[in-house]
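Here the structure comes first, spelled out in structure tokens, and everything after it is commentary.
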Amino acid sequence: MAGCDRSPVRVLSPDAVLEADGLHLWRGDRHVLRGVSVKVAAGQAVHVRGPNGAGKTSLLRTLAGFLWAEEGSIRWCGRPVGTDPDGYARALAYLGHENGLKADLTAGENLHYLTRTRRAADDASLTAMLARVGLGGREHVAVRALSAGQRRRVALARVALSGAQLWLLDEPFTNLDSGAVETLSGLIAAHVDAGGMALFTAHADVPLGGRTRHLELGA
Amino acid sequence: MATWTWFHRLASPPYVYRTAATLTPWFAVVAALAIGYGFFGGLVLAPPDYQQKDAFRIIYVHAPSAWLSLLAYTTLAVAAAVGLVWRMKVAHAVAAAAAPIGASFTFLALLTGSLWGKPMWGTWWTWDARLTSELILLFLYLGYMALRSAFDDRQRADRASAVLAVVGVVNVPIIHFSVTWWNSLHQGSTVMKLAKPSMPGSMLWPLLASFLGFTLLFAALLCVRLRAEILERERQASWLKSIVEKR
Amino acid sequence: MTGAPVVSLPGACARVFGREVRLAARRFGQILQPVTFFLMVTTLFPLALSPEPSLLRNIAPGVVWVGALLSSLLSLEALFRVDLDDGTLEQLLLSGQPLAGLLAAKMLAHWLLTGVPLVLAAPLAAASLSVPADALPVLMVSVALGTGIIGFVGAIGAALTLAGRRGSVLLSLLVLPLVMPVLIFGARATDLAIRGEPAAGGIWLLLAMLILAITLAPLAAAAAVRICLE
């Protein structure tokens, strides 16, 4: 399920909502998240900002379900995410510091395996998405041979192909040139306009028009 | 809900900390009495074995140690599973506290077994099934403690080592069976006979007292180590500060 | 993006399995390394002891089994580590499928890619240790089952040591005591086969352990992977 309904068909749901309430997270003795609350509804984007060590990555990893917040709750469409973790995972796409790509496989193969463990997709849509992120004709190049920025684009293509409603993007624009930042902001904007949701961290401002809200995390 | 209140209390570090403090002297005193009687009765009063002469007396240390090596591992695994399923910090503290005690008793069982082996078989080490199982159990303990020490943060150390403990406890019967099978094929029947049915009361009662005493000694040690674990884990907690300030 | 049906668990497992096999094909040399190590270890014993055939035949089950065990351990180290480093392990967690199932597919591929070369190399090692040809089928079957158990049980250790320091030695410390029964049953079955006696008992015990490992190990490995990604 991409949205709230439990139907086996993926559609973006207009009433999907992610609510995180009073999240507290400790790493050893460090109190990383101190009561963070955030709400994202369908068609909204949230830009998480803050100095280094403010817990931006920890917040995204908590929302993605990797980290367990000792206090607070995360609800997807009103239900605690713990009640159906696999269903929630199908509704989200996560881009972390690592791209999640196999260097020995080509860009096309990587997208094939990553996308099709989640949903059915034809080859044409994979090729089209690679072209859209500016890698047209590169689907047979091994990821090893791509530049850091090009790998990031493949990773973003994977997110866009996932069919997920909620995109959690941790510094999606690292290593990207200004042209690519524009292309990929357009990708996020189109997703949000279509009723998707995005929560991302970025050092610079992202050209998303008026779609973005800001969430400031203190150090 | 009333049946669950004890469970929730067990999850509360201050409650466990105070209860362990109250129980420790009782466990320690009864353990000292039982071990005192067991050792005096076994090492001094009991008649020498007609076959093994005085060598058999090491059973009063060896058998309870071997029993504790298993009891401690079971305690560890049960506590670890509870901590894993209910995310209970105190249960992880129990597992962490039990491991070094269990490893020590396993080592003691191996040491006394080896000392026993010298007069019985004329060699310090023999690949007897019981001793071999005990040796592999020691390896399991050492692996558990090594894994625990490999983590920087305690929560992950707790949970990862708990998975290992549960996997280990599933494996212990398999290991024991395989070693017994292997031993029965390679050697005759040199298996130590513990608690012979014909054992006279003057030998048996001190042995039972030793078992009881060692078990309570384990309980007392566990309480002391558990308090130390809780102190270290809860050093930022307010309830602990108030206890310290009262002193 | 709309209307695309969700992938079934077997379908997702097939993708995971396929990716492992394709990756191995791209890096064929890495498959050969553990086997080469295995053959080298078995060569050490005649050199260290004596080339006397009757002696070699006596120690052959132990030598072949210890060699197979150690080389299986070597290849375990990279099982999840590489996926952790490039971020594909994170993506596996978020694929919306039961993680234990996907890991089982990955472990199955690992068994195929490390076990089969060892099964094929075992007769070579055995022949160099004067093992009669009659004993080779039992040896190969026991190595096939044994590498499966070591792979599945060892995967738990590989997952547990992901987050900590000192990975490789620690992995052996955790896994070796757990797989000692495999060594006992496998070496015993091989020994009986060399003596021309019926060896089915050990084989059946290995099969039982393999079924247990395939059933339970993916669950434990999935729990361990989640903990280490925290």
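Lettering of chains follows the sequences in order, A, B, ..., and the numbering in each one begins at 1.
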request  = Quick one: pull up CD in A:E98 and CG in C:L89 and give me the separation to the nearest 0.5 Å.
outcome  =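 Between A:E98 CD and C:L89 CG, I get 11.5 Å after rounding to 0.5 Å.
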query = Between CG of C:D86 and CZ of A:R151, what distance do you get to the nearest 0.5 Å?
reply =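 If we round to the nearest 0.5 Å, C:D86:CG and A:R151:CZ are 10.5 Å apart.
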task = Before giving the answer on side chain to side chain contact (heavy atoms under 4.5 Å, CB included), spell out for C:R27 and A:D104 the whole-Å C-alpha distance, their side-chain angles and the decisive distance to 0.1 Å.
result = CA-CA 8 Å; C:R27 289 244 152 159; A:D104 287 324; 3.2 Å; yes
Note, [X] side chain near [Y] side chain (heavy atom, < 4.5 Å):
X	Y	answer
A:L67	C:E230	yes
C:R19	A:L114	yes
A:Y113	C:T88	no

[X] versus chain A, the contacting section by heavy-atom distance below 4.5 Å:
X	result
C:Q91	side chain
C:R26	side chain
C:D85	backbone

ask   = What heavy-atom pair brings A:T117 and C:V16 nearest, and what distance separates the two atoms?
value =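 The answer is CG2-CG2, 4.1 Å.
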key: Closest approach of A:R118 to C:L94 (non-hydrogen atoms, all atoms of both residues)   =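 Here A:R118 and C:L94 meet closest at NH1-O, 2.9 Å.
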message = Apply side chain to side chain contact (heavy atoms under 4.5 Å, CB included) to residues C:V82 and A:K102 and explain how you reach the verdict.
response = CA-CA 9 Å; C:V82 180; A:K102 284 286 171 200; 3.8 Å; yes
Donor-acceptor contact below 3.5 Å, side chain A:R61 vs main chain C:L229 =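 Yes: the side chain of A:R61 pairs with the backbone of C:L229.
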query = Quick check: are there more than 12 heavy atoms from other residues, nucleotides or ligands sitting under 6.0 Å from CD of A:E70?
reply =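 Yes, the 6.0 Å shell around CD holds more than 12 heavy atoms from other groups.
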request  = Could you tell me which portion of A:L101 (side chain, backbone, both or neither) has an atom closer than 4.5 angstrom to a non-hydrogen atom of chain C?
outcome  =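 Just the backbone, heavy atoms under 4.5 Å.
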ask   = Which one, A:A93, A:A64, A:A89, A:G100, leads in non-hydrogen pairs under 4.5 Å with chain C?
value =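 The answer is A:G100.
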